[in-house]
Amino acid sequence: MNDTGAKRWILIIGSLSVLLTACALTALRLGSTPLSSAQIFDALFHDQDSITASIILGIRLPRVILAIAVGGALSVAGTLLQGLFRNPLVEPYTLGISGGASLGVCIAILMNLPALLGVTAYPLAGFAGAGIVIVLVYGLGLRTGRLQPNTMLLIGVMISFVSSSLVMLLMAVSEQDDLSNIVFWIMGSLDEPSPVLIRLVLAGSIAGLVIALYHSLALNAMVLGDDEAALLGIHTARTRKILFITASLLTGLSVSAGGIIMFVGLIVPHFMRMVAGSDHRILIISSFLGGACFLTFCDIVARMVIAPLELPVGVITGIIGGVVFIYVLGKKKVAL
Amino acid sequence: MTPPFLDIARLSCGYGSQVVLKEISFSVQKGDIVTIIGPNGCGKTTLLKTLPGLIPALGGRVNMQGQDMKKMPRDLRARTIAMVMQTLESIHMTVEEYVLLGRLPHFSSWQFLENEADRDLARSFMAFTHIDHLRRSPLNCISSGERQLAGIAKALVQEPALLLMDEPTSHLDISHQAQILNRVKTMKDRHGLTVVMVQHDLNLASEYSDQVLLLDKNTHTVFNYGTPETVITRDNIRAVYHTDVVVAPNPHSGRPGIFIKTDSQESISP
């Protein structure tokens, strides 16, 4: 990175931060009671007891924070996995983590766990499901030697198939109420009632970002292949394990809080690679910011289109992300 | 006599139960260019990759400056040995970003960005290998010859004491072949760089090497090791490659030159 390179990095981080602030402010303003920026500022920093403040602090702000945390986490996880597997089609859900989480939540709904555990039942069950899949993919991958990328991908895809078949089986035998619960959760929503969980996801995604950045230079080298990376002094096996587990936990955490939000982890890293280049130092930071922007924006759309009803945000990310991506790909002939 | 820079003793190379080279021994003096030659599949690349431990040795040892390579810390090894691979991944990364990765082993443990000195060094070696005009081009948008030059620039930026090269000139035209090997020779003459490379082109091997290591596919061992004049002879080539050639001295350098005889293959092969 030379002098112009440094300026470019600052420009990229700066513009994404401005964009994120704008998205977050818009998300705070829009809703059944439209608010002005002044009112929001007032509620955040001065009068924290008013009704406006309770709308902002109790309802809208947690949602924005969750969108930032989940969007950032999924995008960082996608960037890490695409770099590790050296395959542009890998995304956090390819490894079957979402399938495991859905199955966990399905079982929780059918066993009526919320009655037992309250609002934390779904995320707990989702995280447990995701965790089991991570252990399975990782364990089976290790058995075949040193985490062979293709083997792990195949294992992940197969686990995805098995768990989505099991989810469909459970859906087929479940009651109407349970069914709509399951469907709504699977399609993804940022309506998360537990403030503890929101804080946990935010802390987790920031921790994941820091770990990813710490290993970004090693990841740059590993893109060249294991031999070249090893000769540059990179502990390839250890780095692969750390980053795989980091990406898995980021995904598990996001899925358990927000359900299955499609496409963010696939499209944002690609988009950012076009904007910021393939150096993981800048790519990881811009993926986090870009993913946060994207999901915050999609959540505004999900809330506003048929207000006061709400669309599942996972559907919106799929539609907007997919269409925009195909458009950009068609205009700009870039190699992935 | 000074102890050898690189000392290979009873080294066996291969993959699991498949032994490619059996208990070979040779040594390399500091500042020498050693070229490994031999027919396809005789284990040239395997040997080259076993030297720094990329492929674990099946037996024997490799000592570098008196230190066992196996016990050499990973980061020290990265600061001492650089390698140019036979093929470079065609990836979306600019030439400059790629060459700068060669500075990675010299980063301090919490260093996140390259400093001015790193960039200057990268620039000078990109100029040295004539790829400075490509510095913003992605690796997957340049020719394989240019990629090879970038690989050499990256290896030199690593400032190694030992440079390993796997067929560094295979994708290059004759002008670049001469240029690259002349540059490597300059690095050897000026900085005492030690080079071990794999080469299919026997004439290039003969011209540029101080020592030539001829491997034999049938016995899985070294057939001959010594100066080009002693190793590259008609009898040796016939025995290892099963091909009859004419060997005549290069009028310019006096080193052995190889000329192919048409139909020679049929007259010898069983």
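Given the structure is predicted, the values throughout are model-derived calculations rather than measurements. Reminder, nothing fancy here: chain letters follow the sequence lines and each chain counts from 1.
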Heavy atoms under 4.5 Å from chain A: which residues of residues 39-69 of chain B carry them? B:Lys49, B:Pro52, B:Leu54
Pairs touching residues 67-83 of chain A that satisfy salt bridge (charged side-chain N to carboxylate O under 4.0 Å, His left out), sequence neighbours left out: none
Any donor and acceptor pair, going by atom type alone, linking the side chain of B:Gln158 with main-chain N or O of A:Leu232 inside 3.5 Å? no
Distance-only check: which donor-acceptor pairs under 3.5 Å involve side-chain atoms of residues 286-293 of chain A, not counting sequence neighbours?
from: A:Ser286; atom 1: OG; to: A:Ile282; atom 2: O; distance (Å): 2.5
from: A:Ser287; atom 1: OG; to: A:Thr79; atom 2: OG1; distance (Å): 2.9
from: A:Ser287; atom 1: OG; to: A:Leu283; atom 2: O; distance (Å): 2.9

Would you mind telling me which of B:Pro105, B:Pro138, B:Ala122 has the largest number of heavy-atom pairs within less than 4.5 Å of chain A? B:Pro105
Side chain / backbone / both / neither for B:Tyr98 at chain A, heavy atoms under 4.5 Å: side chain
Indicate every side-chain donor-acceptor pair of residues 205-219 of chain A with a distance under 3.5 Å to a residue at least two apart or in another chain.
from: A:Ser205; atom 1: OG; to: A:Leu202; atom 2: O; distance (Å): 3.3
from: A:His215; atom 1: ND1; to: A:Ile211; atom 2: O; distance (Å): 3.1
from: A:Ser216; atom 1: OG; to: A:Leu213; atom 2: O; distance (Å): 2.7

Member of B:Gln86, B:Gln199, B:Gln177, B:Gln148 meeting the side-chain hydrogen bond (donor to acceptor under 3.5 Å, both in side chains) criterion with B:Ser170: B:Gln148
Cut-off 4.5 Å, heavy atoms of chain A, and the answer for B:Leu101 is both
Working note: B:Arg123 + B:Asp120, criterion salt bridge (charged side-chain N to carboxylate O under 4.0 Å, His left out); need CA distance, chi angles, decisive distance, verdict. CA-CA 5 Å; B:Arg123 233 170 272 142; B:Asp120 285 345; 3.5 Å; yes
I'd like to know if the side chain of B:Thr94 and the backbone of B:Glu97 have a donor-acceptor N/O pair within less than 3.5 Å. yes
Between A:Arg240 and A:Met222 (side chain of the first, backbone of the second, donor and acceptor by atom type, cut-off under 3.5 Å), is there such a pair? no
Options A:Gly225, A:Gly233, A:Ala221, ranked by heavy-atom pairs under 4.5 Å with chain B, top entry: A:Gly233
